[in-house]
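Here is the structure we will look at.
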Amino acid sequence: MELIEIDGVDAAQFARFHALRDDVRRHDQEFPVGLGLTECQVLFARQDADLRVEGLAVVDGDTWLGMAWLDWWLQENTHIVEVEIAVHPAHRRRGAGTFLLKAATARAKAAGRTVLSTTILGDYETGDSAGTAFAAARGFSRKHTEYHQVFELPMAAERLDELEARIAGQHDEYRLVQWREHTPDEWIEQFADALSVMGEEVPMGELDREPMRWTPERIRQAEERRLEQGRFCHTTAAIAPDGTLAAYTQMGGAAGNPERLYQWDTLVRPEHRGRRLGMGVKIPNLRSLQAELDHPAVLHTWNAVENGPMIAVNKYLGFRPVAQRTNWQQTL
Ligand SMILES: CC(C)(COP(=O)(O)OP(=O)(O)OC[C@H]1O[C@@H](n2cnc3c(N)ncnc32)[C@H](O)[C@@H]1OP(=O)(O)O)[C@@H](O)C(=O)NCCC(=O)NCCS
């Protein structure tokens, strides 16, 4: 077995790396998710202040056995390397996964990082998979569990009307603001703060991970990266009478993967809870997303198993759990 470093410059090599990753996901997951080719390539090409990515492949002659993707966070979590390892189904249980893990561990240690972190998909009820068996056998401990939930779009207009009718009158004093790829200057300071609060509020189990600290500059950098990746994003925020950005939600996807859409963050600031603002921002945002949808798609979302309120809101909207996503870590 031999290791290849993926530089992101050699287009044919990168396409092979990406295809291997996508093939594994399609093989192992009923509802596969993941970045498209361009989305990945852009991450390799950019020199961002907050993230550096690295790719490795393990080959046997002309045959590619598996790949590893390493995320190096550069502002927070500078003690952690996030690693994803995937081995082609035809080449498993021959040590390729272990080979890649050893290479990732050596790189992390050489850079002075002390924690290796990984995210693994498994069975909806037990969370188990080849990935979790591998992680347990190779020194990782399970730290956090989320449900991967999906629902098929488009949602019928009558259903959206019905959901909206049920929350009518519960937060009339708030007004809604919507935007697309660029956060309006008027809201960017408050939005940066809300994104940072989101990082602190979202349950993370026993996971060793610092929340991201957002600034207007970091939002602009993320927006620029998103556009370059061919991604799009719909945001709906609720503004309280005193001008506070009290709640927001974001949904979107990428032009290269039109059948995969995502429900990203939803935050209702603690002091504004209990007024159905979660649904209050999600329903109009879904309307905005659907207005441009001319094909069937699957909307994906993830919630910590202990995040009962958000799971309840999502179930009410029509999401159903299809898998567990677990986070594992080991100290190096
Ligand atoms: C997890 C994965 C990377 C393992 O790759 P691999 O090349 O088969 O792994 P290895 O051959 O190095 O296995 C090392 C050990 O892990 C354990 N293991 C791996 N797959 C297992 C399985 N399906 N069932 C039980 N134990 C397993 C075993 O202890 C194995 O040692 P053994 O074969 O001597 O018994 C591969 O199954 C995969 O790509 N799965 C989908 C992606 C994924 O879940 N990645 C997360 C990994 S962090």
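In each ligand, atom 1 is the first atom listed, and ligand 1 is the first ligand listed. All values below were derived from every heavy atom in this structure, side-chain atoms included, with hydrogens, water molecules and symmetry-related copies excluded. All residue numbers in this chain count up from 1 along the given sequence. Remember, predicted model here, so these are calculated numbers, not experimental data.
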Let's go through Glu217 and Arg220 carefully: what are the C-alpha distance in whole Å and the side-chain angles of both, what is the deciding distance for salt bridge (Lys or Arg N to Asp or Glu O under 4.0 Å) to 0.1 Å, and is it a yes or a no? CA-CA 5 Å; Glu217 297 70 41; Arg220 291 289 181 235; over 6 Å; no
For this output row, return yes or no: ring centroids of Trp187 and Tyr248 closer than 6.0 angstrom. no
Name the residues with a heavy atom less than 4.0 Å from ligand 1? Val24, Asp28, Ile85, Ala86, Val87, Arg92, Arg93, Arg94, Gly95, Ala96, Gly97, Thr98, Thr118, Ile120, Ala130, Gly131, Ala133, Phe134, Ala137, Arg138
Determine yes or no for a side-chain-to-main-chain donor-acceptor pair under 3.5 angstrom, with Arg52 supplying the side chain and Leu74 the backbone. no
State whether the number of non-hydrogen atoms from other residues, nucleotides or ligands found under 6.0 Å of Glu189 atom CD is greater than 12. no
Evaluate Thr132 against Arg142 for side-chain hydrogen bond (donor to acceptor under 3.5 Å, both in side chains), listing each step before the verdict. CA-CA 9 Å; Thr132 59; Arg142 183 166 163 161; over 6 Å; no
Please list all pairs meeting side-chain hydrogen bond (donor to acceptor under 3.5 Å, both in side chains) that have one or both residues in residues 61-70, counting only residues at least two apart or in different chains. Trp69-Asp71
